[in-house]
Protein chains: 2
Amino acid sequence: MGLKVTAPRVKILQILEGCEQHHLSAEDLYRMLLEAGEEIGLATVYRVLTQFEAAGLVERHNFEDGYSVFELNRGEHHDHIVCVLCGRVVEFMDEVIERRQRRIAAELGYEIGDHSLTIYGRCIDPPCRSDKTGL
Amino acid sequence: MGLKVTAPRVKILQILEGCEQHHLSAEDLYRMLLEAGEEIGLATVYRVLTQFEAAGLVERHNFEDGYSVFELNRGEHHDHIVCVLCGRVVEFMDEVIERRQRRIAAELGYEIGDHSLTIYGRCIDPPCRSDKTGL
DNA sequence: ACATGAGATGAGAAGCTTTTGCATGCAGTT
DNA sequence: AACTGCATGCAAAAGCTTCTCATCTCATGT
């Protein structure tokens with residue numbers, strides 16, 4: 001698809017595939033790559049992620065934190081619920097909401113193709129309240 | 001509530017109250033204030049908005065554009081649907097979704113207090129496709 | 001009214017995330 | 001093996017937001 005198979009791209013895909021945590025910031029990825037002994041620039045991480053996004057391999061989300069997080073597109077649509085305190089993200093999928101939001105969108109003059117729905121709330125469990133490292 | 005009644009604060013509230021467009025960026029407000037002949041700094045706009053947010057007078061939203069928009073808190077909860085192309089925002093409120101999202105949140109270990117739910121889609125109407133000025 | 005002090009302001013610098021410019025380097029092709 | 005063009009790293013720049021600090025303003029007590 002016009003993208004060469006280069007070391008940085010392969011490594012980034014590997015991390016996105018293998019990582020426990022589905023939602024990673026560019027900085028997260030950059031740090032992980034360095035720790036893995038890769039010689040890579042932060043700019044490249046951003047560039048690759050942007051290209052992957054354009055190619056549909058990856059989804060970018062701007063949760064209310066001021067930075068973007070990226071997630072491998074595994075083909076199955078899902079929405080997100082995010083803690084406004086600690087940033088914890090959980091994925092979910094609810095047919096009732098899906099139907100309802102399509103209907104609302106149509107009524108208000110929106111078309112819902114590849115869309116995203118995000119709920120912001122707060123974690124109930126204690127690790128959250130402490131600090132952001134709890135993620 | 002610990003905030004003095006000063007010219008910038010009053011003016012900003014007036015604009016938020018009077019403006020047709022409910023969702024304004026700090027830059028928007030700043031420009032409007034300058035056009036209204038006010039002598040004000042952008043830093044003050046941000047400061048005041050942040051204070052208003054802390055005081056519950058205003059809500060801040062980080063839609064997927066890279067900057068924040070602010071909206072007067074009129075007391076009635078509502079959610080947003082945003083066009084990812086032109087940025088148009090429409091408010092809506094749906095009891096079915098409200099109930100459903102509370103339930104999902106509880107199941108996943110989240111508490112939903114003052115929350116927000118945002119749907120991202122694309123405008124159907126033509127003015128959108130053109131450019132961002134269509135807002 | 002007036003002095004006083006805490007808090008607010010404006011201008012610019014700084015901070016953070018993300019993007020861009022440019023010389024170098026590598027992938028894929030001939 | 002040579003070649004072309006895209007990809008990379010680094011550093012600089014951009015865009016939004018916050019911070020610093022000297023100055024000014026609001027609100028209070030006299």
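What you see below is based on every heavy atom in this structure, not just the backbone, and it leaves out hydrogens, waters and symmetry mates.
Contacts of B:Ser25 with the nucleic acid, taken as non-hydrogen atoms under 4.0 Å apart, are absent. When heavy atoms are screened at a 4.0 angstrom cut-off, A:Thr6 is found touching the sugar-phosphate backbone but no base atom.
Closest contact between the side chain of B:Ser68 and the listed nucleotides C:dT9, D:dC10, D:dT17 involves D:dT17. The side chain of B:Val48 sits closest to C:dT9 out of D:dC16, D:dC10, C:dT9. When each of C:dG28, C:dT9, C:dA6 is scored by its nearest atom to the side-chain atoms of A:Lys4, the top-ranked nucleotide is C:dG28. Closest to the A:Leu42 side chain, of the nucleotides C:dT9, C:dG7, C:dT18, is C:dT18.
If you measure from atom CZ of A:Phe63 to atom P of C:dT17, you get 17 Å, rounded to the nearest angstrom. At whole-Å resolution of the value, CG in B:Leu29 and C1' in D:dT17 are 15 Å apart. Whole-Å rounding puts the A:Lys11 NZ to C:dA27 C1' distance at 17 Å. In this structure, A:Leu34 atom CG and D:dT8 atom P are separated by 15 Å, rounded to whole Å. Look at OH on B:Tyr30: it is 16 Å from P on D:dT18, rounded to the nearest Å. Distance CG (A:Asp65) to C1' (C:dT18): 16 Å, rounded to an integer number of Å. The OH-P distance, from A:Tyr46 to C:dT17, rounds to 7 Å in whole Å. A straight line from CZ of B:Arg60 to P of D:dT17 spans 7 Å, rounded to a whole angstrom.
Toward the 5′ end of DNA chain C lies the nearest nucleotide of A:Ala26, the other residue of the pair A:Ala26 and A:Arg47 mapping further downstream. For the pair B:Val5 and B:Glu27, nearest-nucleotide mapping onto DNA chain D gives the more 5' position to B:Glu27.
Checked against the 6.0 Å centroid criterion, the rings of A:His23 and A:Phe70 do not qualify as a close aromatic pair.
Of the residues A:Gln101, A:Arg100, A:Arg103, the one that meets the side chain to side chain donor-acceptor pair (under 3.5 Å) test with B:Asp94 is A:Arg100.
Within 6.0 Å of CD on B:Glu39 lie no more than 12 heavy atoms contributed by other residues, nucleotides or ligands.
A salt bridge is absent between A:Glu27 and A:Arg31; no separation between the charged side-chain nitrogens and carboxylate oxygens falls under 4.0 Å.
Ring orientation note: the planes of B:His78 and B:His80 are nearly perpendicular, at an angle over 60° on the 30°/60° scale.
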